[in-house]
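Note that this is a predicted model, so its numbers are computed, not measured.
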Amino acid sequence: MNFTSFFLAALLAVLLSDRAWCQQLPPQSFQTHPTRTNVTRWNHRHFRTSVAAPSSDGTSKNCENLLTNLHDRVSVLASLDEDLRRRLENIEKKMGQFESNNMGRLDSLAVQQADFLKRLDTLDYMERQTKRNVDELKGDLIHERQKEEIVLRTARDAVDRLPQMPTDKDRLDSLATLLLSTRSAVNELNNHLEANISKLSNMVSRRLSSIRRQNNRQSSTNFYATNHPTEPLVTSCAQDAPTANGILRLQLTPESEPFYVRCDEETLGGGWTIIQNRFNGKLNFYRGWLEYQAGFGNLGGEFFIGLDKLHALTASAVHELLILLQDFDGVNRYARYNLFAIGSEKEDYALNLLGEYEGDAGDSLTYHAGSKFSTFDNDNDGCVDCNCAQSRNGAWWYNWCDMSNLNGKYFSQNYNNTPLYEGVYWNEFRGAAYSLKAVRMMIRPVGNDGDLQRK
């Protein structure tokens, strides 16, 4: 029992005793003034009779009123104590979540540090191997040079030992023989040198290829397995690959299994991969963490692509983001950000990269940059004493809480007077009390060949 509960219990006991005392008061008060000998006792009794003047039935209305007021205050204090205890429990829960998140971040940093140290060791080992190969090549070159000098010296000695030729023809034959032997030695030396250089180049190329493959395996997300390593990979809708009714099969790495996406080939030059689509409210977007991880809905209708696939797409290449908005009057607006990427599951799919804004809808997403993704059953927002996903009826990169809520509740009626912040809203277009009719989120790799034409 805490101090407040003990205080309330004690105060209740005093009130009960005072109530019993009020009921025992005499029906009439003193009629004469006290004498000097009993002034102390008169003061005490006069105070008690003045607090509770007798009524016709022998009880004191003033005393009853005082007890009633004290009882009301005790009730208020009890309510305040309950409210404070509830707030303390919420704060303790948030502190526990913050501590868990911080521990997760520390673990992720430790893993990244270990991976970085491993890569440094690999590069250091490669540098040592390359240095040793270069030293060996230098030794071979010195050895070949020494052999060449020996051959030349031998040739000179042979020329010196030649007898005096009686005719110019004999001298020319001897010189021709010497030149042929010298050329043969030089050719042998060149062939040996080229073989060593080719060997060293192949060794360096193999090691660089090995390091690249290792880095690709460590940096890419292995969703699924594949059996088509020799086929050219289609990693984006921007590659102008043939689609079937806008549906395209993507494969991000040779080790990953393909998955299907829906493409937009008309807006701003095409090449967009649709990651979220809403237009009629038939699909419920108030879902839990696991469903948002895997994705839900139908590519032919309303859907969300899934946080795992969205992270894999934005990690495979630098992407831009395009958001198309439409109200119930048919007015269309757009917001475009030249950079976009989210983190991994360990980072709670945080909105790690969001570039500069362009468009006519207003910027209602920059406020969420750096925030983690939250659902009603996985609260990662910045609000200490609330759950934004629950209060907003959605799932989003909530900060404290939001300036947009494109996965919020769909209102087909009273869309222009919805509960504040609960609809599919974009604060800079129609405000937080207006739920939009349609919204589409799309991404596209930046820096591809057709990007200048699309602009």
Please check if the number of heavy atoms outside Lys372 that lie under 6.0 Å from its NZ is greater than 12.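 Yes - once you tally the heavy atoms of other residues, nucleotides and ligands closer than 6.0 Å, there are more than 12.
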
Could you tell me whether Asp83 atom CG has more than 12 heavy atoms of other residues or ligands within 6.0 Å of it?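 More than 12 heavy atoms, drawn from other residues, nucleotides or ligands, come within 6.0 Å of this atom.
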
Quick check: does any side chain N or O of [X] sit under 3.5 Å from a backbone N or O of [Y], one acting as donor and the other as acceptor?
| X | Y | value |
| --- | --- | --- |
| Asn102 | Phe98 | yes |
| Thr418 | Ala433 | yes |
| Asp377 | Trp289 | yes |
| Gln239 | Ser236 | yes |
| Asp327 | Lys437 | no |
| Asp329 | Val331 | no |
| Asn338 | Glu356 | yes |
| His368 | Met403 | yes |
| Glu302 | Gly281 | yes |
| Ser374 | Ala389 | no |

Please report the interatomic distance [atom1]([X]) to [atom2]([Y]), rounded to the nearest 0.5 Å.
| X | Y | atom1 | atom2 | answer |
| --- | --- | --- | --- | --- |
| Leu252 | Leu313 | CG | CG | 5.5 Å |
| Glu265 | Thr267 | CD | OG1 | 9.5 Å |
| Glu428 | Asp360 | CD | CG | 12.5 Å |
| Leu321 | Ile342 | CG | CD1 | 11.0 Å |
| Lys309 | Thr273 | NZ | OG1 | 13.0 Å |
| Leu351 | Ser371 | CG | OG | 7.5 Å |

Tell me, with the steps shown, if Asp81 and Arg86 meet salt bridge (Lys or Arg N to Asp or Glu O under 4.0 Å). CA-CA 9 Å; Asp81 178 66; Arg86 192 162 52 246; over 6 Å; no

Nearest heavy-atom neighbours spanning [X] and [Y]:
| X | Y | value |
| --- | --- | --- |
| Leu248 | Pro242 | CD1-O, 3.5 Å |
| Pro419 | Phe411 | CD-CZ, 3.8 Å |
| Ser316 | His319 | OG-CE1, 4.4 Å |
| Leu283 | Gly297 | CD2-CA, 3.7 Å |

Let's go through Asp264 and Arg440 carefully: what are the C-alpha distance in whole Å and the side-chain angles of both, what is the deciding distance for side-chain contact (heavy atoms from CB on, under 4.5 Å) to 0.1 Å, and is it a yes or a no? CA-CA 10 Å; Asp264 185 331; Arg440 176 177 289 186; 3.4 Å; yes

Indicate yes or no: at least one non-hydrogen side-chain atom of [X] is less than 4.5 angstrom from one of [Y].
| X | Y | result |
| --- | --- | --- |
| Arg128 | Asp124 | yes |
| Phe259 | Val261 | yes |
| Met126 | Thr130 | yes |
| Phe340 | Ile443 | yes |
| Leu325 | Leu406 | yes |
| Leu436 | Phe429 | yes |
| Thr314 | Asn352 | no |
| Thr122 | Leu120 | no |

Report the C-alpha distance between Asp385 and Arg87 in whole Å, list the side-chain angles of each, state the deciding distance to 0.1 Å, and finish with yes or no for salt bridge (Lys or Arg N to Asp or Glu O under 4.0 Å). CA-CA 8 Å; Asp385 200 20; Arg87 288 177 175 269; 3.5 Å; yes

Run the side-chain contact (heavy atoms from CB on, under 4.5 Å) check on Phe303 and Ile274 step by step: do they pass? CA-CA 9 Å; Phe303 69 91; Ile274 303 175; 3.6 Å; yes

Regarding [X] and [Y], do their side chains bring together a donor and an acceptor under 3.5 Å, going by distance alone?
| X | Y | result |
| --- | --- | --- |
| Thr366 | Asp363 | yes |
| Asn393 | Glu422 | yes |
| Trp396 | Ser404 | yes |
| Gln276 | Asn407 | yes |
| Gln293 | Tyr349 | yes |
| Asn405 | Tyr398 | yes |

Could I get the full list of ring pair (Phe, Tyr, Trp, His ring centres under 6.0 Å) partners for Tyr337, not counting sequence neighbours?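 Result, ring pair (Phe, Tyr, Trp, His ring centres under 6.0 Å) vs Tyr337: Tyr357.
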
So is Arg287 actually on top of Phe296's ring, under 6.0 Å and inside 45° of the axis?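 Geometry flag: set, cation within 6.0 Å and 45°.
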
Cation over ring face, Arg278 and Phe285, 6.0 Å, 45°: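 Verdict for Phe285: a cation-pi partner in Arg278.
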
Note: Asp107-Lys346 ion pair, threshold 4.0 Å (strictly below):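 No salt bridge links Asp107 with Lys346.
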
Any salt bridge between Glu320 and Arg336, counting N to O under 4.0 Å?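 A salt bridge is present here (some side-chain N lies under 4.0 Å from a carboxylate O).
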
Gamma sulfurs of Cys386 and Cys401 within less than 2.5 Å: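 No - the two cysteines, Cys386 and Cys401, have SG atoms at least 2.5 Å from each other.
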
Assign the ring pair Tyr292 / Phe373 to parallel, tilted or perpendicular, where the plane angle (0 to 90°) is split at 30° and 60°.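 Plane angle between 30° and 60°, so tilted.
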
Using the rule given for side-chain contact (heavy atoms from CB on, under 4.5 Å), can you reason through Leu233 versus Leu250, listing the C-alpha separation, both sets of side-chain angles and the distance that settles it, and then say yes or no? CA-CA 8 Å; Leu233 299 180; Leu250 300 184; over 6 Å; no

According to side chain to side chain contact (heavy atoms under 4.5 Å, CB included), who are the partners of Ile91, at least two apart in sequence or on a separate chain?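 So Ile91 forms a side chain to side chain contact (heavy atoms under 4.5 Å, CB included) with Met95.
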
My understanding is that only residues two or more places apart in sequence, or in another chain, count here; which of them pass side chain to side chain contact (heavy atoms under 4.5 Å, CB included) with Ala432?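 Only Leu420, Tyr421, Tyr425, Asn427 meet the side chain to side chain contact (heavy atoms under 4.5 Å, CB included) criterion with Ala432.
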
List the steps, then state whether disulfide (SG to SG under 2.5 Å) holds for Cys383 with Cys388. CA-CA 7 Å; Cys383 182; Cys388 295; 4.9 Å; no

Derivation of the side-chain contact (heavy atoms from CB on, under 4.5 Å) call for Arg132 and Glu136: CA-CA 6 Å; Arg132 185 171 63 184; Glu136 292 177 357; 4.0 Å; yes

Would you say the ring centroid of Tyr286 lies under 6.0 angstrom from that of Phe376?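 Between Phe376 and Tyr286, which both carry aromatic rings, the centre distance is below 6.0 Å.
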
Dump the intermediate steps for side chain to side chain donor-acceptor pair (under 3.5 Å) on Gln326 and Asn332, then the final yes or no. CA-CA 5 Å; Gln326 184 184 70; Asn332 296 302; 3.0 Å; yes

